[in-house]
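Order of the sequence lines fixes the chain letters, A, B, ..., with proteins taken first and strands second; residue numbering starts at 1 for each chain.
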2 protein chains.
Amino acid sequence: MSVSAATPSPIGDDDLVGRRVLLVDDDPTVAEVASSYLRATGFVVEEAADGFAALHAADRFAPDLIVLDRMLPGIDGLEVFRRLRERVATPVILLTALGSEDDRIAGLEAGADDYLAKPFSPRELVLRVRSVLRRSIDEFTPESVLEVGGFRLDPSARIATRDGVELQLTVREFDLFEFLLKHPNQVFSRDDLLRTVWGWTYGDLSTVTVHVRRLREKIERDPRSPALLTTVWGVGYRFTIGGAQDAVV
Amino acid sequence: MSVSAATPSPIGDDDLVGRRVLLVDDDPTVAEVASSYLRATGFVVEEAADGFAALHAADRFAPDLIVLDRMLPGIDGLEVFRRLRERVATPVILLTALGSEDDRIAGLEAGADDYLAKPFSPRELVLRVRSVLRRSIDEFTPESVLEVGGFRLDPSARIATRDGVELQLTVREFDLFEFLLKHPNQVFSRDDLLRTVWGWTYGDLSTVTVHVRRLREKIERDPRSPALLTTVWGVGYRFTIGGAQDAVV
DNA sequence: GGCATCCGTCCCGGTTCCGTAAGACTTGCC
DNA sequence: GGCAAGTCTTACGGAACCGGGACGGATGCC
């Protein structure tokens with residue numbers, strides 16, 4: 001579905017940071033990968049390995065959202081789902097083994113808020129969690145505009161300007177720039193950026209290099225010797241504003 | 001502005017708690033899921049399985065809002081709708097089947113306050129119930145006329161004009177335009193639009209593309225290079241007003 | 001019953017963008 | 001100064017994306 005807001009998950013100051021997610025899956029590998037990703041995005045995550053624990057955790061942990069595997073030992077996932085619904089209105093994303101449009105529809109009919117087929121990429125999961133949560137909070141409230149040293153970036157309108165002049169940024173460039181603006185004066189490794197901005201577990205780091213270069217071409221006065229988006233040799237990149245404070249690694 | 005939502009769960013919204021919702025659907029599964037969800041959200045819910053019971057309950061139960069399935073045994077949903085409207089001004093949300101014929105019916109549905117295609121996620125339903133209720137509680141309810149940069153759009157009368165000249169918009173085009181006018185300078189993915197304007201949970205995104213094109217044909221001075229309803233590559237569409245800022249090809 | 005309208009879907013062609021590879025260059029270290 | 005690791009630059013192929021044209025089906029109007 002490529003998901004609406006293509007904006008990946010900047011770690012920081014989002015409305016969503018700190019939201020509580022209950023992850024119910026009996027496969028420890030899946031659970032671990034998924035939860036580490038969700039945590040990296042800023043969610044508070046609790047895991048449950050079976051239906052019983054899930055119901056218990058739903059009460060005690062009071063999650064804002066539940067990710068629920070349909071296949072569970074003991075009580076079936078759907079049964080857990082039904083019992084949850086009787087009590088709370090927490091949104092649920094359902095995980096199922098095989099993916100077809102029919103399954104998706106069945107999931108929706110059962111009352112799920114979204115649906116994801118295994119195997120899924122953690123990125124996909126994070127995107128869906130964010131999307132559902134955002135929808136459940138207040139759908140179309142514009143995000144706040146960032147204004148920093150001549151730059152102005154409006155996430156909702158997806159417009160970035162420098163001194164009033166619009167910068168023609170592509171999707172990736174915009175996302176990258178947004179992330180950097182939200183976390184100025186801080187060094188990020190290529191790996192960090194690949195994970196947070198791209199949402200990739202692994203991948204070619206040069207992808208980041210190239211995009212940084214392209215972004216520089218559009219935001220730097222002299223792209224040949226960058227003054228804002230600087231390279232920290234052997235570490236990564238930093239977007240510097242104002243009184244340049246050094247952040248140690 | 002913005003500021004994150006205070007309450008994590010959707011239950012809050014004090015004004016809405018305790019409001020009475022009449023749910024009319026003959027499918028017991030749908031009815032059960034939806035009503036339990038609505039109850040968990042804080043509404044008082046009563047169910048009716050057919051048109052006759054619905055009309056009866058509308059009198060006795062005095063709901064603040066009615067959720068009405070279009071397909072009903074006995075009296076048709078639309079007929080029920082019409083009879084309801086003769087007597088009370090209770091807002092109505094219409095449930096329709098996605099694959100079904102009624103598109104032209106959309107004209108009649110214009111009388112409905114909102115509509116939603118099956119299958120839907122209960123969260124979606126709750127969102128719409130809340131939004132319609134909030135609207136109907138508000139004083140400004142007689143759907144205020146929108147006036148923006150030469151355009152004038154009257155939702156109740158379903159008339160749109162540019163510089164005093166009436167635009168001949170179809171139902172879908174009007175709905176789309178109305179939504180965009182209400183949320184200017186904000187990018188929406190095709191998926192967003194499909195959900196909110198069409199009331200679909202899933203579907204062919206090209207539907208949106210085509211309707212955007214048709215709408216452009218009617219509102220843009222030069223439809224070949226749109227100045228108002230612009231494409232944001234890889235993301236979606238934006239209706240721009242105010243800051244005359246436009247991307248050339 | 002015939003005609004016009006509207007809607008949703010599909011295909012096709014042009015364009016934009018992204019990720020990767022390969023080579024040149026720079027930095028840090030010995 | 002020489003070497004290795006890290007970084008920059010450029011180029012390119014393929015994928016994703018968007019717009020236009022068109023068509024069938026359904027509906028309402030005459």
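- Between the CG atom of D191(A) and the P atom of dG6(D) there is a distance of 13 Å, given to the nearest Å.
- The base of dG19(D) does not come close enough to the side chain of R213(B) for any donor and acceptor atom to sit less than 3.5 Å apart.
- Contact check, W200(B) against dG8(C): no side-chain N or O comes under 4.0 Å of OP1 or OP2.
- Listed pair R214(A) / dG19(C) fails the phosphate criterion, with no side-chain N or O lying under 4.0 Å from OP1 or OP2.
- For the pairing with E173(A), the side chain to side chain donor-acceptor pair (under 3.5 Å) check across R214(A), K218(A), Q168(A) returns one residue only, K218(A).
- No hydrogens or angles considered: nothing links the side chains of D204(A) and T207(A) as a donor-acceptor pair under 3.5 Å.
- Nearer to the 5' terminus of DNA chain C, by closest-nucleotide assignment, is the contact made by L169(A) (compared with the other of L169(A) and G203(A)).
- In this model, the phosphate group of dC18(C) is approached by a side-chain N or O of T170(A) to a distance below 4.0 Å at OP1 or OP2.
- Taking 4.0 angstrom as the limit, R190(B) places a side-chain polar atom (N or O) nearer than this to OP1 or OP2 of dC18(D).
- Atom pair L205(A):CG and dC18(C):P shows a separation of 18 Å (rounding to whole Å applied).
- In plain terms, the two heavy atoms of R19(A) and L133(A) that are nearest each other are CB-CD1, 3.9 Å.
- Projected onto DNA chain C by closest heavy-atom contact, Q168(B) and V208(B) fall at different nucleotides, the more 5' of which corresponds to Q168(B).
- T231(B) has a side-chain polar atom (N or O) that falls below the 4.0 Å cut-off from OP1 or OP2 of dG19(D).
- The CG atom of D175(A) sits 11.0 Å away from the CG atom of L180(A) when rounded to the nearest 0.5 Å.
- Nucleotide dC18(D) holds its P atom 13 Å from the CG atom of D204(B), rounded to whole Å.
- Between dG19(D) and Y237(B), a contact under 4.0 Å exists linking OP1 or OP2 to a side-chain N or O.
- Ring pair Y115(A)/Y202(B): centre-to-centre distance not below 6.0 Å.
- Between T207(B) and dT9(C), a side-chain N or O to OP1/OP2 separation shorter than 4.0 Å is present.
- Taking side-chain N and O atoms only, R216(A) has no distance below 4.0 Å to OP1 or OP2 of dT9(D).
- Of the side-chain N and O atoms in R224(A), none sit less than 4.0 angstrom from OP1 or OP2 of dT26(C).
- In this structure, the nucleotide among dT9(D), dT16(C), dA22(D) sitting nearest to the side chain of W233(B) is dT16(C).
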